[in-house]
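The structure appears below as structure tokens.
Just so you know, these numbers use all the heavy atoms, side chains as well, and skip hydrogens, waters and symmetry mates. Owing to the predicted nature of the structure, the values given are computational and were not obtained by experimental measurement.
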Amino acid sequence: MSFHVRDICAEDYTDYIEMSQQFYQGDATLHAVPVEHFQRTFSLALSNSPYLRLLFIEHDRATAGYALLAFTYSNEAGGMVVWLEELFILPSHRNLSLGAHFLQWLKQTYQQKAKRYRLELCSQNTGARRLYTRHAFAPLPYEQMTFDL
């Protein structure tokens with residue numbers, strides 16, 4: 001199997017927008033997100049922001065999905081935290097272990113820099129829960145709170 005991860009480029013815009021819309025219409029999220037958020041994320045990723053990294057996942061030289069990473073510091077963890085904000089595999093490429101390959105790539109890529117990998121998932125997303133549990137992710141007994149502007 002040919003598995004490859006790469007940073008996005010300007011030509012990926014349409015594919016990214018379409019996949020993001022699919023992601024936010026599925027069971028991985030609680031609600032839809034305005035397309036303007038996707039556009040802003042794409043633009044920021046192209047500018048090499050230190051806060052995020054937008055990646056395309058390829059299988060046999062075809063786009064198979066994407067991942068969005070965010071970076072922060074945690075005193076509790078003792079260093080950088082890599083947030084797996086979004087991991088989306090196109091339905092046509094599911095059940096090929098691409099999510100598992102991506103998690104292995106993620107851990108290998110950031111093993112020297114990260115002190116923690118973190119993610120969120122909706123309770124109804126049982127497939128993602130199985131994947132993350134198989135890769136040693138465990139529930140964090142904190143509640144999340146937000147204040148959106």
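Between Y132 and L87 the shortest side-chain heavy-atom distance falls below 4.5 Å. Looking at L119 and F137, their side chains come closer than 4.5 Å, going by heavy atoms from C-beta outward. Contact annotation: the side chain of R129 approaches that of L121 to within less than 4.5 Å [non-hydrogen atoms, C-beta and beyond]. Counting heavy atoms from C-beta outward, C122 and L30 have side chains that approach closer than 4.5 Å. The side-chain heavy atoms of H59 and H4, taken from C-beta on, include no pair separated by under 4.5 Å. Considering only heavy atoms from C-beta on, K115 stays 4.5 Å or farther from V82 through its side chain. With contacts defined as side-chain heavy-atom distances shorter than 4.5 Å, the pair Y117/L103 does not qualify. A 4.5 Å side-chain heavy-atom check between L106 and L69 finds at least one atom pair inside the cut-off.
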Please tabulate, for side-chain N and O atoms in residues 38-56, each donor-acceptor pair with protein atoms closer than 3.5 Å (sequence neighbours left out).
residue: Q39; atom: NE2; partner: Y13; partner atom: OH; Å: 3.2
residue: T41; atom: OG1; partner: H37; partner atom: O; Å: 3.0
residue: S47; atom: OG; partner: L44; partner atom: O; Å: 2.7
residue: S49; atom: OG; partner: Y51; partner atom: N; Å: 3.1
residue: R53; atom: NE; partner: D7; partner atom: OD1; Å: 2.7
residue: R53; atom: NH1; partner: Y110; partner atom: OH; Å: 2.9
residue: R53; atom: NH2; partner: D7; partner atom: OD2; Å: 3.0

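The CE atom of M80 sits 12.0 Å away from the OG atom of S74 when rounded to the nearest 0.5 Å. The OH atom of Y24 sits 3.5 Å away from atom CD of E86, with the distance rounded to the nearest 0.5 Å. Once rounded to the nearest 0.5 Å, the distance linking OH of Y16 with OG1 of T63 reads 14.0 Å. Here the straight-line distance linking atom CD of E120 with atom CG of L140 works out to 10.5 Å at 0.5 Å rounding. The distance from atom CZ of R118 to atom CD of E85, rounded to the nearest 0.5 Å, is 10.5 Å.
H93 and L98 get closest at one heavy-atom pair: O-CD1, 3.5 Å. H135 and A100 make their closest contact through NE2-CB, 3.4 Å (heavy atoms, listed as atom of the first residue, atom of the second, distance). Between Y73 and G78, the shortest heavy-atom contact is OH-C, 4.2 Å. Taking every heavy atom of both residues into account, A28 and F23 meet most closely at CB-CE1, 3.6 Å. The two residues M19 and G65 come nearest to each other via the heavy atoms SD-CA, 3.7 Å. Shortest non-hydrogen contact noted between V5 and F3 is CG2-CZ, 3.5 Å.
Residues W105 and W83 fall into different hydrophobic clusters, defined by Ile, Leu, Val, Met, Phe, Trp and Tyr side chains chained together at heavy-atom separations under 4.5 Å.
Heavy-atom neighbours of Q144 CD from other residues, nucleotides or ligands within 6.0 Å: above the threshold of 12. Other residues, nucleotides and ligands place more than 12 heavy atoms under 6.0 Å from the NZ atom of K107.
Using a distance-only test at 3.5 Å, with no hydrogens or angles considered, a donor-acceptor pair links the side chain of D12 to the main chain of C9.
The hydrophobic cluster containing M145, built from Ile/Leu/Val/Met/Phe/Trp/Tyr side-chain heavy atoms closer than 4.5 Å, comprises no other residue.
Shown here are the side-chain contact (heavy atoms from CB on, under 4.5 Å) partners of R94, two or more places apart in sequence or in another chain: F88, I89, P91.
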